[in-house]
Number of protein chains: 2
Amino acid sequence: MKIGELSRATGTNIETIRYYERIGLLPAPGRTAANYRSYGDAHRSRLSFVRHSRDLGFTIEEIRSLLDLSDDPTRECDEADRIATRHLEQVEEKIAQLSLLRDELARIIGRCRGGIAADCRVIEALSDHSHCENAH
Amino acid sequence: MKIGELSRATGTNIETIRYYERIGLLPAPGRTAANYRSYGDAHRSRLSFVRHSRDLGFTIEEIRSLLDLSDDPTRECDEADRIATRHLEQVEEKIAQLSLLRDELARIIGRCRGGIAADCRVIEALSDHSHCENAH
DNA sequence: ATGCACCCTGTAGCAACTACAGGGTCAAGC
DNA sequence: GCTTGACCCTGTAGTTGCTACAGGGTGCAT
């Protein structure tokens, strides 16, 4: 299949597919006589793997490691587990951070009663961290 | 005060301060005879405002709008409220997304029982979105 | 006078794309 | 046979919000 078809099949921007090839995340496919990229099923499933991992928030470098693992099925699975576990921890930390931030924002907004900027509680709160109730 | 002092006073990297000046978020300060930047209290509180807003996750462009508002204290406060409310919504959406993602990751990792990559449930799950229980 | 901490400008790098510009290819329809 | 339009190619530059140099100047203490 050509790049446009692969793009539709995986929900990946064409430019992104070429970008992945350029950085060596996807192997360079064969070419047609007209120099068009020509992909097969192996390419499609590799790209699906990459997209799914990106959707789950893995970095390109993490995905590179995961791909290396899946390319060599005799290797131990520990590393995949370690990468995924560390990533899960990061996600949980991010959620915790954002939750503090949400509470702080809600508190700031709740104090706004309209009126002019000189009296604006939002602006005042942003000016002065000491109004905050938690660290962020 | 000189830039190093302002940096320490606000917990902002020196390069970041110069960057904010370059993009027009902070006004260019006066200079000493030796061409060193020389800051006053107004600069420090403006920078604190910026840092605090950044910590709360506002973009540079949002901060620009908030600064414009606070520079003109006769203006209505509605816009500050709108910016903050929209931002809060985005934060809430991000938390919801990350929570789905966390559940999915936890589920994937829970299935890993060690062994070799060919049997790895983590890698299998990443290959195939259809194993997922929710959208992400 | 020489070390050291500090300051300056300007440019390039990071992640992970995205968006062109400027061109080539191919099939359908007139 | 010629145009139209959809598709493809390469290469480069832009995005956000910084961060990290390189290569130089300044100011003060020893």
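Heavy-atom basis, side chains included; hydrogens, waters and symmetry copies ignored.
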Rounding to a whole Å, what distance do you find between [X]:[atom1] and [N]:[atom2]?
X       : N      : atom1 : atom2 : answer
A/Leu56 : C/dA16 : CG    : P     : 14 Å
A/Asn35 : C/dC26 : CG    : C1'   : 15 Å
A/Arg31 : C/dT25 : CZ    : P     : 13 Å
A/Glu5  : C/dC26 : CD    : C1'   : 16 Å
A/Glu21 : C/dC17 : CD    : P     : 15 Å
B/Ile14 : C/dC8  : CD1   : P     : 8 Å

Rounded to 10 degrees, the angle between the two terminal axes of the helix from C/dA1-D/dT30 to C/dC30-D/dG1, each from five pairs: 30°
Between B/Arg18 and B/Glu15, is there a salt bridge with N-O shorter than 4.0 Å? yes
Would you call A/Arg86 and A/Glu89 a salt bridge, taking side-chain N to carboxylate O under 4.0 Å as the test? no
When you compare the side chain of B/Glu79 with that of B/Asp68, does any pair of heavy atoms fall below 4.5 Å? no
Please encode protein proximity along nucleotides 21-30 of chain D as a string of B, S and -, counting only heavy-atom distances under 4.0 Å. B---BBS---
When you compare the protein's N or O atoms with those of nucleotides 16-18 of chain D, which come within less than 3.5 Å of each other, and at what distance?
unit_1	atom_1	unit_2	atom_2	d
D/dG17	O3'	B/Arg54	NH2	3.4
D/dC18	OP2	B/Tyr20	OH	2.9
D/dC18	OP2	B/Arg54	NE	2.5

Indicate, with yes or no, if A/Tyr19 and A/Tyr36 share a hydrophobic cluster defined by side-chain heavy-atom contacts under 4.5 Å among Ile, Leu, Val, Met, Phe, Trp and Tyr. no
Going from CD1 on A/Ile17 to CG on A/Leu25, what distance comes out if it is rounded to the nearest 0.5 angstrom? 12.0 Å
Taking only the side-chain nitrogens and oxygens of A/Arg64, find out if one of them lies under 4.0 Å from OP1 or OP2 of C/dA15. no
For B/Arg8, which residues count as a side-chain hydrogen bond (donor to acceptor under 3.5 Å, both in side chains) partner, sequence neighbours excluded? none
Kindly write out the residues that satisfy side-chain hydrogen bond (donor to acceptor under 3.5 Å, both in side chains) with A/Glu93, not counting sequence neighbours, or none if the list is empty. none
Has the side chain of A/His87 got a donor or acceptor atom that lies under 3.5 Å from a matching backbone atom of A/Arg82? no
Heavy-atom pair of closest approach, residues B/Leu98 and A/Lys94: CD1-CG, 3.6 Å
B/Ile3 side chain: which of C/dC7, C/dT9, D/dT10 is closest? C/dC7
Begin with the C-alpha distance, continue with both residues' side-chain angles, and end with the deciding distance and a verdict on side-chain contact (heavy atoms from CB on, under 4.5 Å) for A/Arg102 and B/Leu88. CA-CA 6 Å; A/Arg102 176 200 52 204; B/Leu88 175 58; 3.6 Å; yes
Go through the structure and list residues passing side chain to side chain contact (heavy atoms under 4.5 Å, CB included) with B/Ser48, not counting sequence neighbours. B/Thr10
